[in-house]
Visitor: 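Encoded as structure tokens, here's the structure I'll be asking about.
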Amino acid sequence: MVDEIEVKLLREGARLPQKASEHASGYDLYACLPDGPVEVGNFPVRIPTGLAFAVPPGLDAQVRGRSGLASRGVTKPTGTLDADYRGEVFVTLYTTSPDLTYVVEHGDRVAQLIITRLADVEFSLRDELPETERGAGGHGSTGR
């Protein structure tokens, strides 16, 4: 069974998400910049995609960064498309150094959309939790 996510094109030049290769886990999201290129620096910039989605309940749509941009010092915080959100999807980008700028052109791949199934869970309060070998070891406790 293939799930369907409804997509609305909000302006001319918007492109449907698509995989760059057969086994890619994410669907590329493209910049929709009818007014021309946008310069990204060391402060958050919202890049429009020209798309709105109707993600069905039970699916999780995460907007994640692209490794190709990260290797150039351009990063993006992870974002979530909630099932009840119907507005335009924007991709927030910024550079990792104050001395670095990056120009986004119309049609550039700016993020990837990852779709997974949500688990329906309940949280149960306990006085104690089951023991593990790691225990309460935090950041870096399992090695480098």
Side-chain angles (χ1 to χ4, degrees), residues 1-97 100-126 129-144:
M1 174 182 145
V2 174
D3 292 299
E4 179 180 86
I5 296 178
E6 297 175 31
V7 182
K8 181 178 180 181
L9 301 178
L10 301 176
R11 69 176 80 56
E12 192 172 327
R15 293 178 57 182
L16 286 175
Q18 64 184 98
K19 290 186 176 189
S21 67
E22 179 184 0
H23 299 291
S25 61
Y27 296 82
D28 288 327
L29 291 174
Y30 302 89
C32 185
L33 303 170
D35 296 330
V38 172
E39 185 173 274
V40 175
N42 195 230
F43 50 90
V45 176
R46 291 179 0 138
I47 306 296
T49 65
L51 302 175
F53 295 83
V55 177
L59 292 183
D60 181 31
Q62 296 281 322
V63 180
R64 297 185 189 167
R66 296 187 59 248
S67 58
L69 289 179
S71 70
R72 295 183 202 132
V74 181
T75 191
K76 163 230 178 315
T78 300
T80 299
L81 296 181
D82 293 315
D84 58 352
Y85 178 66
R86 294 295 183 272
E88 182 171 6
V89 171
F90 289 85
V91 174
T92 302
L93 296 177
Y94 57 92
T95 63
T96 57
S97 168
L100 180 64
T101 59
Y102 180 80
V103 176
V104 178
E105 303 275 350
H106 176 77
D108 282 355
R109 295 181 296 164
V110 290
Q112 56 184 328
L113 187 64
I114 309 291
I115 309 295
T116 59
R117 296 205 182 283
L118 288 170
D120 193 15
V121 300
E122 291 182 8
F123 295 93
S124 58
L125 188 59
R126 300 283 189 250
L129 297 176
E131 295 290 326
T132 67
E133 186 176 322
R134 180 177 179 180
H139 294 92
S141 68
T142 60
R144 294 180 186 212

Visitor: If every non-hydrogen atom of C32 is compared with every non-hydrogen atom of A14, which pair is closest and at what distance?
Guide: SG-N, 3.7 Å
Visitor: If I compare all heavy atoms of A20 with all of R109, which pair ends up nearest, and what's the gap?
Guide: CB-NH1, 3.6 Å
Visitor: On a heavy-atom basis, which atom in P56 and which in E4 lie closest, and how many Å separate them?
Guide: CG-O, 3.4 Å
Visitor: So which atom in G26 and which in K19 form the shortest heavy-atom distance, rounded to 0.1 Å?
Guide: O-CG, 3.6 Å
Visitor: Does any part of the side chain of L125, heavy atoms only, come nearer than 4.5 Å to the side chain of F123, both counted from C-beta?
Guide: no
Visitor: Counting N and O atoms only, with roles assigned by atom type, does the side chain of Q112 sit under 3.5 Å from a partner on the main chain of G65, one being a donor and the other an acceptor?
Guide: yes
Visitor: Does any pair with a residue in residues 65-85 pass salt bridge (charged side-chain N to carboxylate O under 4.0 Å, His left out), and if so which ones, sequence neighbours excluded?
Guide: D28-R66
Visitor: For Y85 and E88, indicate whether the former's side chain and the latter's backbone hold a donor-acceptor pair under 3.5 Å.
Guide: yes
Visitor: Measure the OH-CD distance between Y27 and Q18 for me, rounded to the nearest 0.5 Å.
Guide: 11.0 Å
Visitor: Of all heavy-atom pairs between P77 and Y94, which one has the smallest distance, and what is that distance?
Guide: CD-CE2, 3.8 Å
Visitor: Just to verify, what does T96 make a side-chain contact (heavy atoms from CB on, under 4.5 Å) with, not counting sequence neighbours?
Guide: T75
Visitor: Output the distance between atom CD (E105) and atom OH (Y102), rounded to the nearest 0.5 Å.
Guide: 8.5 Å
Visitor: Which distance, rounded to the nearest 0.5 Å, do you find between the CD of E39 and the CG of L93?
Guide: 13.0 Å
Visitor: Would a distance-only check, ignoring hydrogens and angles, find a side-chain to backbone donor-acceptor pair under 3.5 Å from T95 to N42?
Guide: yes
Visitor: If you define the side chain from C-beta out and look only at heavy atoms, does anything of R117 sit under 4.5 Å from D60?
Guide: no
Visitor: Find the distance between CZ (R46) and OG1 (T92) and round it off to the nearest 0.5 Å.
Guide: 6.5 Å
Visitor: Go through the structure and list residues passing side-chain contact (heavy atoms from CB on, under 4.5 Å) with F53, not counting sequence neighbours.
Guide: I5, V7, P17, L29, L51, V55, L81, V89, L113
Visitor: Hey, what do you get for CD1 (I115) to OG (S25), rounding to the nearest 0.5 Å?
Guide: 11.0 Å
Visitor: Within this structure, what is the CG-CG distance for the pair L33 and D35, rounded to the nearest 0.5 Å?
Guide: 8.5 Å
